[in-house]
Amino acid sequence: MKSTKIIFWITTIIIFLFEGVMPAFTSQTELAKEGIRHLGYPEYFGNALVVFKIVGVLLLVIPTIPNRVKEWAYAGFAFDFIFASISHCAVDGIGFQVFFPLIFLVILILSYTSYHKLLNYKSSN
C-alpha cells in the first residue's frame with residue numbers, strides 16, 4: 001500500500017506543478033498568449049483555462065474534497081489533455097506537441113488509478 005501512496009503523490013504532484021503552478025505563473029506571458037492564438041482560440045479562453053486548471057489541481061490535492069468532486073476534476077484534466085492533443089494535431093500536424101499532452105494523460109491515469117486503489121484500501125479497513 002505504501003508504493004501505491006507514493007505513486008499517487010508523485011503523479012498528482014506532477015499534475016499539480018504542470019497544470020496548476022506553471023500556468024499560474026506563465027499564463028500572462030507573451031509566449032503563452034501566442035500559443036493560445038496559434039491554436040485559434042481567443043485570449044479569454046486561455047484565461048478561463050488557467051482558472052479551471054488551478055481550481056482542478058487544488059481539488060485533487062486537498063484531501064477533504066469529496067470523492068465525486070475529485071472525479072470531475074480528473075475528468076476535466078483528461079478532456080484538457082485529449083483536446084490539447086487534438087488541437088495541436090489539427091493546427092500543426094503530427095509532432096511532439098501532439099504527444100506531449102498524452103504523456104500527461106498517462107500520468108493522470110496513474111494518479112487516478114492509484115487514488116482509487118487507496119480509496120478501496122480505506123473502505124476495506
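What you see is a predicted model; the values in this text were computed from it and never measured.
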First locate atom [atom1] of [X], then atom [atom2] of [Y], and finally report the distance between them rounded to the nearest 0.5 Å.
X	Y	atom1	atom2	result
Tyr121	Thr4	OH	OG1	10.0 Å
Phe8	Ile13	CZ	CD1	9.0 Å
Leu119	Asn67	CG	CG	4.5 Å
Trp72	Phe79	CH2	CZ	7.5 Å

### Message
Measuring only between side-chain heavy atoms, which start at C-beta, is Asn47 closer than 4.5 Å to Gln28?
### Response
yes
### Query
If we only count heavy atoms from C-beta on, is the Leu118 to Lys5 side-chain gap below 4.5 Å?
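Answer yes - side chains close enough.
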In this structure, would [X] and [Y] fall into the same cluster of hydrophobic residues linked by side-chain contacts under 4.5 Å?
X	Y	value
Phe45	Val55	no
Phe25	Leu31	no
Phe52	Val57	no
Phe100	Val91	no
Ile36	Val50	no

Side-chain donor-acceptor pairs under 3.5 Å in residues 102-111, sequence neighbours left out?
{"from": "Ser111", "atom 1": "OG", "to": "Thr12", "atom 2": "OG1", "distance (Å)": "2.7"}
{"from": "Ser111", "atom 1": "OG", "to": "Tyr74", "atom 2": "OH", "distance (Å)": "2.8"}

Pairs involving [range], ordered by first then second residue, that meet salt bridge (charged side-chain N to carboxylate O under 4.0 Å, His left out) (sequence neighbours left out):
range	answer
residues 88-108	none
residues 106-115	none
residues 99-112	none
residues 13-27	Glu19-Lys53

### Task
Go through Glu34 and Arg37 one step at a time and tell me if the salt bridge (charged side-chain N to carboxylate O under 4.0 Å, His left out) criterion holds.
CA-CA 5 Å; Glu34 178 53 38; Arg37 279 192 297 271; 3.4 Å; yes
Of the non-hydrogen atoms in [X] and [Y], which two are nearest, and what is the gap between them?
X	Y	answer
Ala32	Ser27	CB-O, 3.7 Å
Val61	Trp9	O-CH2, 3.8 Å
Ala24	Ile54	CB-CD1, 3.6 Å

Mind checking what makes side-chain contact (heavy atoms from CB on, under 4.5 Å) contact with [X], not counting sequence neighbours?
X	value
Ile65	Leu59, Ile62, Val69, Lys70
Ile86	Ile82, Phe83
Pro63	none
Ile94	Cys89, Phe99

### Query
So which pairs with a foot in residues 79-90 pass side-chain hydrogen bond (donor to acceptor under 3.5 Å, both in side chains), sequence neighbours left out?
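Residue pairs with at least one partner in residues 79-90: Tyr41-Ser87.
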#### Entry: Residues which pass side chain to side chain donor-acceptor pair (under 3.5 Å) with Glu71, listed by chain and number, not counting sequence neighbours
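Applying side chain to side chain donor-acceptor pair (under 3.5 Å) to Glu71 gives Tyr112, His116.
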### Counterpart residues, side chain to side chain donor-acceptor pair (under 3.5 Å), relative to Ser114 (two or more places apart)
none
